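Below is one structure, written out as structure tokens, with a few remarks after it.
Just so we're on the same page: letters track the sequence lines, and every chain starts at 1. Here the structure is a predicted model, which is why all the values come from computation and not from measurement.
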Number of protein chains: 2
Amino acid sequence: MMARTREFDEEKVLDAAMQLFWEKGYEATSLSDLTSRMGITRPSIYSTFGDKKELFEAALRTYTMARASEMRAKLQGNPSVKEAFRNFFEDVVAEETSGELSRGCFCINTMVELAPHDEKFEILTREHQMYLSVIFQEAIERGIQSGELKTVSDAKALAQALITSLIGLTVILKSRPQRAFVDNTLEVTLSLLK
Amino acid sequence: MMARTREFDEEKVLDAAMQLFWEKGYEATSLSDLTSRMGITRPSIYSTFGDKKELFEAALRTYTMARASEMRAKLQGNPSVKEAFRNFFEDVVAEETSGELSRGCFCINTMVELAPHDEKFEILTREHQMYLSVIFQEAIERGIQSGELKTVSDAKALAQALITSLIGLTVILKSRPQRAFVDNTLEVTLSLLK
DNA sequence: AAAATAACATACCGATCAGTATGTTATTTT
DNA sequence: AAAATAACATACTGATCGGTATGTTATTTT
């Protein structure tokens with residue numbers, strides 16, 4: 001039973017927490033950072049989301065769900081699978097290149113920072129990547145079905161290799177490599193789709 | 001001029017700091033962690049290495065130099081370039097799979113944690129990866145020279161794509177993916193060498 | 001041997017950390 | 001309207017953070 005009505009939008013403040021954790025990671029984000037960015041007080045955070053780790057987990061789950069559906073939409077929105085993949089990878093590059101900060105991928109950041117020390121996040125991040133690789137796989141199978149891609153391709157293995165390259169690309173973009181490096185990587189990687 | 005003689009081996013304690021930063025990252029490693037692992041006191045750390053960030057930088061530089069020469073040795077030690085790359089990638093997998101903790105690559109960890117927020121580490125991590133890609137490139141060129149690889153290959157672009165895949169592989173191993181995922185990725189990635 | 005000096009050990013600094021106790025205010029239930 | 005209750009705001013907790021002041025000990029230089 002609810003007495004006084006909540007003055008903040010739970011979804012909005014969680015999104016604010018997500019942005020912050022995404023930018024700075026778990027350890028480097030303090031409760032003070034969170035209260036000021038979320039616009040609510042410390043006790044409100046604890047009563048609504050639990051402790052810092054639980055809030056982080058909620059933020060990450062929000063992120064992964066949004067990212068998976070965004071990715072599926074992008075890959076399904078183009079009749080040509082090759083074009084869809086190229087556009088997708090180039091969007092990633094554009095996203096990280098534009099703007100002051102390259103936040104990378106929240107899930108990948110978490111895989112690096114927390115997965116080795118916290119089994120919950122080891123599982124959560126692994127399963128998200130596996131899920132993404134299935135989305136890749138479905139797109140590739142669509143390309144094989146339509147005749148755009150060679151029938152002999154191992155769709156699953158190819159999808160997994162592309163996910164691995166996507167992770168590598170996302171990570172190295174944080175060091176702001178030269179444009180040519182990225183372009184070369186993209187050309188060679190996408191040449192796997194044939 | 002030196003009065004009292006130093007009681008610790010500078011190289012050894014720096015190596016201890018490297019191990020710790022490698023395992024836990026910058027933020028999650030405290031000065032207390034460092035003193036107990038390095039076996040020296042706080043003032044000794046500060047007088048010898050400077051503050052926490054400077055110590056971290058020294059540790060990272062030690063790591064990158066060791067890693068680059070280790071990598072060059074592994075790639076040069078085999079007359080077959082294809083075999084050399086396969087062994088190299090499989091060594092990475094074995095390294096991360098065995099043992100309780102998958103530390104990943106210290107430089108990649110730093111790229112994720114610090115590069116977006118600290119230009120010094122953006123540059124340091126980028127240049128290390130570029131250096132590694134040149135080592136890859138030289139091995140590929142050797143393979144072209146010997147006739148083992150196709151003459152038309154763009155050695156540089158290929159090397160850069162392989163580095164990107166290596167980064168992706170190193171990162172995803174932190175989430176302990178299924179063996180089949182890794183094997184598939186490896187097969188497809190190494191198929192680029194032909 | 002005396003003076004100088006640098007590495008040592010101990011104990012401390014203010015600041016900040018994650019998390020909570022306490023009291024007030026607004027809304028619902030009775 | 002009274003009682004109950006949950007969200008609010010403020011202020012606090014002990015612990016730990018990175019970094020340093022201070023005094024002692026060992027070695028070198030004079």
Side-chain angles (χ1 to χ4, degrees), chain A residues 1-61 106 109-110 113-114 117-118 120-121, chain B residues 1-61 106 109-110 113-114 117-118 120-121:
Chain A
M1 56 200 70
M2 169 175 34
R4 189 169 166 176
T5 55
R6 188 161 271 167
E7 293 177 359
F8 60 88
D9 181 335
E10 193 169 323
E11 217 175 289
K12 266 186 187 156
V13 301
L14 180 56
D15 187 82
M18 183 191 86
Q19 301 292 338
L20 196 49
F21 279 130
W22 186 358
E23 280 175 25
K24 314 208 337 170
Y26 179 76
E27 288 289 346
T29 301
S30 72
L31 261 293
S32 299
D33 292 333
L34 288 165
T35 54
S36 68
R37 185 89 146 236
M38 297 169 81
I40 62 177
T41 62
R42 226 168 259 242
S44 293
I45 293 181
Y46 279 87
S47 68
T48 309
F49 301 102
D51 67 13
K52 190 186 173 192
K53 263 256 163 78
E54 293 175 288
L55 172 60
F56 184 88
E57 185 185 344
L60 180 56
R61 288 189 187 278
F106 186 12
N109 298 350
T110 303
E113 185 184 7
L114 298 183
H117 310 289
D118 190 323
K120 174 175 277 170
F121 292 102
Chain B
M1 56 199 67
M2 168 176 37
R4 188 169 167 177
T5 54
R6 189 161 271 168
E7 294 177 358
F8 60 88
D9 181 337
E10 193 170 322
E11 216 174 290
K12 267 187 186 155
V13 301
L14 180 55
D15 186 82
M18 182 191 86
Q19 300 291 338
L20 196 51
F21 279 130
W22 186 358
E23 281 175 26
K24 313 204 346 168
Y26 179 76
E27 288 288 347
T29 301
S30 72
L31 261 294
S32 300
D33 292 334
L34 288 165
T35 53
S36 67
R37 185 91 144 234
M38 297 169 82
I40 62 178
T41 63
R42 229 167 255 241
S44 292
I45 293 181
Y46 279 86
S47 67
T48 309
F49 302 103
D51 67 12
K52 191 187 171 189
K53 264 254 164 81
E54 292 175 288
L55 172 60
F56 184 87
E57 185 185 345
L60 181 56
R61 288 189 187 277
F106 187 12
N109 297 351
T110 303
E113 185 183 7
L114 299 183
H117 310 288
D118 188 324
K120 173 174 278 170
F121 292 102

Next item on the list: Find which nucleotide of DNA chain C each of B:S44 and A:T29 is nearest to by heavy atoms, and output the residue with the more 5' nucleotide.
Entry: B:S44
Next item on the list: Could you work out which one of D:dT27, D:dA6, C:dG19 sits closest to the side chain of A:R4?
Entry: D:dA6
Next item on the list: Can you spot which of A:F21, A:Y26, A:F121 makes a side chain to side chain contact (heavy atoms under 4.5 Å, CB included) with A:T110?
Entry: A:F121
Check: From the list C:dC8, D:dG19, C:dT28, which nucleotide is the closest neighbour of the side chain of B:F8?
Finding: C:dC8
Check: Between A:S32 and C:dC17, is there a side-chain N or O to OP1/OP2 distance below 4.0 Å?
Finding: yes
Next item on the list: Identify, between A:P43 and A:S47, the residue whose nearest nucleotide on DNA chain D lies closer to the 5' end.
Entry: A:S47
Margin query: Taking only side-chain N and O atoms of B:S30, does any of them lie within less than 4.0 angstrom of OP1 or OP2 on D:dC17?
Written below: yes
Checklist line | Minimum-distance nucleotide (side-chain atoms of A:R6 versus D:dC8, C:dG19, D:dT20) | finding: D:dC8
Note to self: With hydrogens left out and only the distance checked, is there a donor-acceptor pair under 3.5 Å joining A:R42's side chain and the base of C:dA18?
What the structure shows: yes
Item checked: B:E10 CD to C:dA6 C1', straight-line distance once rounded to whole Å -> 14 Å
Checklist line | Proximal nucleotide (of C:dA7, C:dA18, D:dG18) relative to the A:L31 side chain | finding: C:dA18
Notebook entry, point to check: Taking 4.0 angstrom as the limit, do A:E57 and A:R61 come out as a salt bridge?
Noted result: yes
Check: Would you find a donor on one side and an acceptor on the other, under 3.5 Å apart, between the side chain of B:E23 and the backbone of B:L20?
Finding: no
Margin query: Once you measure the plane-to-plane angle for A:W22 and A:F106, does it fall in the parallel (<30°), tilted (30-60°) or perpendicular (>60°) bin?
Written below: parallel
